[in-house]
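Following: one structure in structure tokens, then a few remarks.
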Amino acid sequence: MSPQNNFLFESLNKEQFKAVNHIYGPLLVVAGAGSGKTKALTHRIANLIENNNVNPYNILAVTFTNKAAKEMKQRLEIILAKELATIRFGQPWSTLKEFDQNQLRTVIHQERLQDLWIGTFHSLFSRLLRFDIDKYKDPDGLSWNRQFSIYDETDSQTLLKEIITKEMQLDPKKFNPKKIKWAISNAKNQCLTPKELEEKSENQIDKLIADAYMRYRIALSRNNALDFDDLLLLPVFLLRQNHKVREYWHKRFMHILIDEYQDTNRTQYELIKLITTGDTDSEQFFEWEDRSIFVVGDADQSIYSFRAADFRILIGFKEDFKNKPNDKSDCIIKLENNYRSTSNILSAANSLIENNTERIEKVLKATKSDGEPLKLISCDDEISEAEAITSKIRSLGSKNNSPNWSKFAILYRTRAQSRVIEESLVRWRIPYTIYGGLRFYDRKEIKDAIAYLKVLINNADNISLLRIINVPRRGIGKTTIEKLNEIANKLELPLWEVINNKECLISTIGRSSKGINQFTELMNELTCYVENSGPSQLLQLILEKSGYLNELIMSGTDESEERRNNLQELVNAAIQYEEETENGDAEGFLATAALTTDSDDNKKNVSNSVTLMTLHNSKGLEFQNVFITGLEQGLFPSYRSIDTPSLLEEERRLCYVGLTRAKERLFLTHARERRLWGGNREVTIPSIFLQEIPEELIDGEIPQSGGISLKRDFHLDRLTRVDRNNNFVKNTPINSVRRLYSGPTKGEKWKLGDLLLHPKFGKGEIIHIFGSGEKISLAVKFGDKGSKILDPRIAPIRSINS
DNA sequence: ATGTAGGTGGTTTTT
DNA sequence: CCACCTACAT
């Protein structure tokens with residue numbers, strides 16, 4: 001059939017059409033922000049299935065987030081259902097009743113899309129490992145089975161810390177487990193084995209890290225566990241060594257699509273290459289015949305190099321996948337029409353990004369009119385910044401009787417910046433949602449419940465076992481656990497094997513084994529249910545039989561009520577998982593739990609609230625009104641990037657991503673001074689990025705000071721906070737609020753040119769006064785000691801008469 | 001075995 | 001400033 005007649009192609013521009021109609025061979029789609037790349041992707045998949053007889057079973061589609069995967073699947077469902085509508089009902093989709101529409105979608109979902117693999121690299125390849133991990137033969141003799149646990153950052157750090165302190169006998173203060181984990185992760189993302197890392201090491205510390213990596217790997221395998229990076233790294237080794245496995249996946253995934261290709265790292269790239277080329281020698285060029293690889297990306301939006309993403313992979317695409325050495329065929333399509341933002345916003349973004357050197361030349365062309373100029377909001381400090389943002393949102397929102405808060409997004413470089421903004425929003429009763437931060441699955445009670453399930457599935461998982469062995473309290477103490485753990489290590493057995501052995505217990509810890517017995521009996525009883533129960537039922541049983549729920553009910557506090565609700569929510573999530581996957585097993589549910597982030601949660605999107613998130617989290621989203629905050633040197637761009645050109649370019653790309661999120665209005669804010677971590681306020685320098693946007697596009701504005709009349713009130717007690725261990729923190733005082741409420745200062749006795757005496761710096765002269773009233777800081781010049789910024793309420797200074 | 005006080009160290013971005 | 005860890009008291 002002639003594809004041109006197909007409505008699949010109706011709403012596409014010329015370039016999008018070319019992309020969608022690409023069938024075999026490699027293709028790189030360079031897609032600028034807002035240029036309709038998701039459309040190109042979904043329509044191409046539909047085109048493959050609908051018009052080119054491709055079985056969805058043979059398609060692998062990689063997205064950057066689970067949310068994107070979900071959305072893509074839904075869009076695909078609708079496209080195909082529309083197609084089906086004309087065939088089944090002989091009438092267009094829009095004229096069908098909702099009931100019929102839904103029925104068609106269900107049909108498509110069940111009959112056509114069930115076998116389509118679509119998801120993040122991590123979720124897709126954890127799935128692949130569930131099939132084939134037992135076929136992996138490790139050169140060091142390590143092994144895993146398909147019940148493997150997935151360790152999150154905390155779990156793996158716990159494990160690594162144990163290795164560093166106990167096995168290697170190093171001082172964790174000198175050798176920070178976090179940093180070592182970071183280094184190991186980096187190696188894994190570059191596809192390096194411990195051995196390769198060791199060969200590359202140049203100094204003692206590098207050697208130590210390689211050693212830790214080696215031991216960490218062994219420890220993971222003893223726990224039958226993998227960390228996030230392993231989910232990609234292990235498949236690479238498996239596919240490299242096992243021809244049969246490689247051929248299987250090569251033959252299965254004939255059409256590979258990858259979104260956000262600029263954020264691919266070496267390991268992911270290796271993975272894709274292995275599956276695409278299959279059993280051919282890398283020296284040889286194979287025929288594409290009936291297969292394709294289709295990647296979409298934008299080098300200007302590459303913002304994840306800190307986790308080893310490398311956008312040069314995108315730039316090298318043509319070289320990597322061209323047909324023959326001399327192939328001249330053009331396998332690049334550029335999407336440059338932007339359908340999202342006003343022309344002013346685009347001009348600003350284009351000007352900014354032109355300051356980067358490493359790029360694929362590309363200019364976003366506006367399809368919308370000029371719109372309003374960008375607004376620059378300069379503020380005294382971070383509190384007035386927050387107030388200015390809030391007041392702007394209020395004035396724009398109040399034009400409407402029922403304001404649509406979800407049209408607003410506040411973006412920041414670091415999470416720490418959100419706090420002050422939250423306080424301001426709470427004060428003005430503006431509803432907001434923070435993305436990122438504490439994951440649902442990271443809450444204490446959820447991690448506990450999941451740990452039970454993990455141990456039931458994989459009893460070698462010591463980290464999870466140790467987490468729950470005394471939760472709820474069974475009177476098992478630290479020394480007992482320590483003792484047993486030592487025995488387990490000595491015998492090279494999982495801790496579970498040791499505690500599940502009555503003789504062993506009695507001979508080693510004797511009378512203090514009561515609690516342990518209670519625990520093993522519980523787990524043995526629960527194990528009986530594993531085979532015939534789904535994850536939701538198992539969780540329910542765990543919570544009841546362990547006494548976890550009872551304990552929460554007994555305590556009867558608001559906090560425990562909240563925890564119970566969360567646990568109910570967890571059971572619901574498991575039920576939903578079972579429905580979506582048609583009786584998916586507990587292993588699959590655990591993988592979902594490990595790999596789901598908060599921003600994947602679609603429930604949040606429907607609420608009418610202002611969005612707060614990091615710039616990183618904003619990738620792929622769009623909002624009517626966007627605030628980019630904290631545009632100061634050292635904050636954005638970050639102080640760690642400021643002196644390194646390549647890192648600075650990444651910050652600039654991050655800024656570019658931020659700018660291009662906005663559809664209509666864009667606000668840029670900065671504070672003239674800022675308290676970074678409660679310490680002294682620092683005078684700031686406006687971000688270099690502000691200078692890189694043409695002046696004529698920006699409209700300055702008089703900064704709003706923090707001195708709006710504030711009514712003491714409400715809600716502050718509802719700002720329940722949770723610490724990093726997920727315990728609720730009671731009555732956290734909110735300092736900035738307190739500061740704003742406390743009355744006027746004891747008087748402004750300081751003025752320019754005054755002389756003062758400081759015990760450490762000596763005599764100084766006030767050369768500048770920042771702020772006024774309560775929030776005053778003095779810049780004082782101390783002769784040979786240089787200048788300092790002082791807070792006169794804190795600094796031990798007294799004025800002297802000249 | 002468990003709870004709490006105080007000292008200390010760390011602060012970019014995430015699957 | 002905040003969260004974590006350790007040491008100590010119960």
Side-chain angles (χ1 to χ4, degrees), chain A residues 62-69 119-126 150-154 156-158 161 165 172-174 176-179 182 185 188-189 226-232 260 263-265 267-268 302-309 411-417 419-420 435-437 439 441-442 470 473-482 512 514-515 591-592 594-600 613-619 630 634-642 647 650-651 653-655 657-658 675-680 721-727 729 732-736:
Chain A
V62 188
T63 60
F64 197 69
T65 60
N66 292 302
K67 189 179 160 202
T120 62
F121 270 109
H122 294 268
S123 63
L124 291 170
F125 285 92
S126 77
I150 298 173
Y151 279 180
D152 65 19
E153 214 46 45
T154 328
S156 20
Q157 247 168 61
T158 311
K161 196 183 165 195
T165 53
K173 277 171 190 155
K174 264 179 106 179
N176 185 320
K178 220 179 195 165
K179 286 187 177 143
W182 186 259
S185 178
K188 286 183 169 182
N189 283 324
L226 299 175
D227 67 14
F228 286 146
D229 307 317
D230 289 327
L231 297 178
L232 310 174
E260 309 282 10
D263 285 321
T264 309
N265 65 38
T267 307
Q268 292 164 340
S302 160
I303 54 175
Y304 283 95
S305 76
F306 69 89
R307 66 179 225 217
L411 309 180
Y412 35 79
R413 178 67 240 267
T414 67
R415 297 200 170 287
Q417 290 167 257
R419 183 91 178 238
V420 184
Y435 285 80
R439 270 184 355 134
Y441 289 102
D442 281 342
N470 199 31
R473 304 251 118 86
R474 298 182 179 92
I476 303 169
K478 214 170 132 191
T479 37
T480 314
I481 293 171
E482 200 81 337
S512 44
K514 198 176 152 214
T592 311
L595 300 172
T596 304
T597 59
D598 238 23
S599 41
D600 296 329
M613 57 169 66
T614 61
L615 284 143
H616 280 90
N617 263 324
S618 77
K619 194 168 74 164
L635 183 59
F636 190 26
S638 146
Y639 67 101
R640 306 168 84 124
S641 318
I642 228 158
L647 294 183
E650 172 138 323
E651 297 280 313
R653 291 193 293 270
L654 189 57
C655 187
V657 166
R675 231 175 249 272
L676 275 183
W677 26 272
N680 294 335
R721 297 217 154 258
V722 181
D723 68 16
R724 261 193 258 169
N725 214 6
N726 296 306
N727 291 309
V729 179
T732 312
I734 297 172
N735 293 313
S736 49

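These values consider heavy atoms only, across backbone and side chains, with no hydrogens, waters or symmetry-generated copies. If you're wondering where the values come from, they're calculated on a predicted model, not measured in any experiment. The sequence lines fix the lettering, A, B, ..., with proteins before strands; numbering per chain opens at 1.
At whole-Å resolution of the value, CD1 in I481(A) and C1' in dA1(B) are 10 Å apart. Rounded to an integer number of Å, the gap from R675(A) CZ to dC1(C) C1' is 10 Å. Put simply, NZ on K514(A) is 14 Å from C1' on dA1(B), counting in whole angstrom units. We find that CZ of R640(A) is positioned 8 Å from P of dT11(B), with the value rounded to whole Å. Atom NZ of K174(A) and atom P of dG10(B) are 14 Å apart (whole Å). D227(A) places its CG atom 15 Å from the P atom of dT15(B), with the value rounded to the nearest Å. The NZ-P distance, from K619(A) to dT14(B), rounds to 12 Å in whole Å. As a whole-Å value, the separation of L615(A) CG from dT14(B) P is 10 Å.
With N265(A) contributing its side chain and A308(A) its backbone, the two residues share no donor-acceptor pair below 3.5 Å. At distances below 3.5 Å, not a single donor-acceptor pair connects side-chain atoms of R413(A) with backbone N or O atoms of L635(A).
Not one side-chain nitrogen or oxygen of N189(A) sits closer than 4.0 Å to the OP1 or OP2 atom of dT15(B). Regarding contacts with the backbone of dG10(B), every side-chain N or O of K179(A) stays at 4.0 angstrom or more from both OP1 and OP2. Residue R413(A) places none of its side-chain N or O atoms closer than 4.0 Å to OP1 or OP2 of dT12(B). In this structure, T414(A) does not reach the dT11(B) phosphate: none of its side-chain N or O atoms is under 4.0 Å from OP1 or OP2. Phosphate contact (OP1/OP2 of dT15(B), side-chain N/O of S123(A), threshold under 4.0 Å): absent. The phosphate of dT12(B) (OP1 or OP2) has no side-chain N or O of T614(A) nearer than 4.0 angstrom.
With centroids closer than 5.5 Å and planes inclined by less than 30 degrees as the test, F306(A) and the base of dT12(B) fail to qualify as a stacked pair.
Comparing atom distances between the R473(A) side chain and each of dT14(B), dT12(B), dG3(B) picks out dG3(B) as nearest. With dT14(B), dT11(B), dA1(B) as the choices, the nucleotide that has an atom nearest any side-chain atom of K178(A) turns out to be dT11(B). The side chain of R307(A) has dT14(B) as its nearest neighbour among dT11(B), dT14(B), dC2(C).
E153(A) comes within contact range of at least one nucleobase, with a heavy-atom separation under 4.0 Å. If you check every strand for non-hydrogen atoms under 4.0 Å, F121(A) touches nothing. Among the heavy atoms of the strands, none lies under 4.0 Å from D152(A). Across all strands, N176(A) comes closer than 4.0 Å only to sugar-phosphate atoms, never to a base (heavy-atom distances).
Take the nearest nucleotide of DNA chain B for E651(A) and for K478(A): the residue whose nucleotide is more 5' is K478(A).
I303(A) places none of its side-chain heavy atoms less than 4.5 Å from the side chain of L615(A).
Between the side chains of S185(A) and D229(A), a donor-acceptor pair is found at a separation under 3.5 Å.
The aromatic rings of F64(A) and Y304(A) are tilted relative to each other, their planes meeting at an angle between 30° and 60°.
Contacts of D263(A) classified as salt bridge (charged side-chain N to carboxylate O under 4.0 Å, His left out), with partners at least two apart in sequence or in another chain: K619(A).
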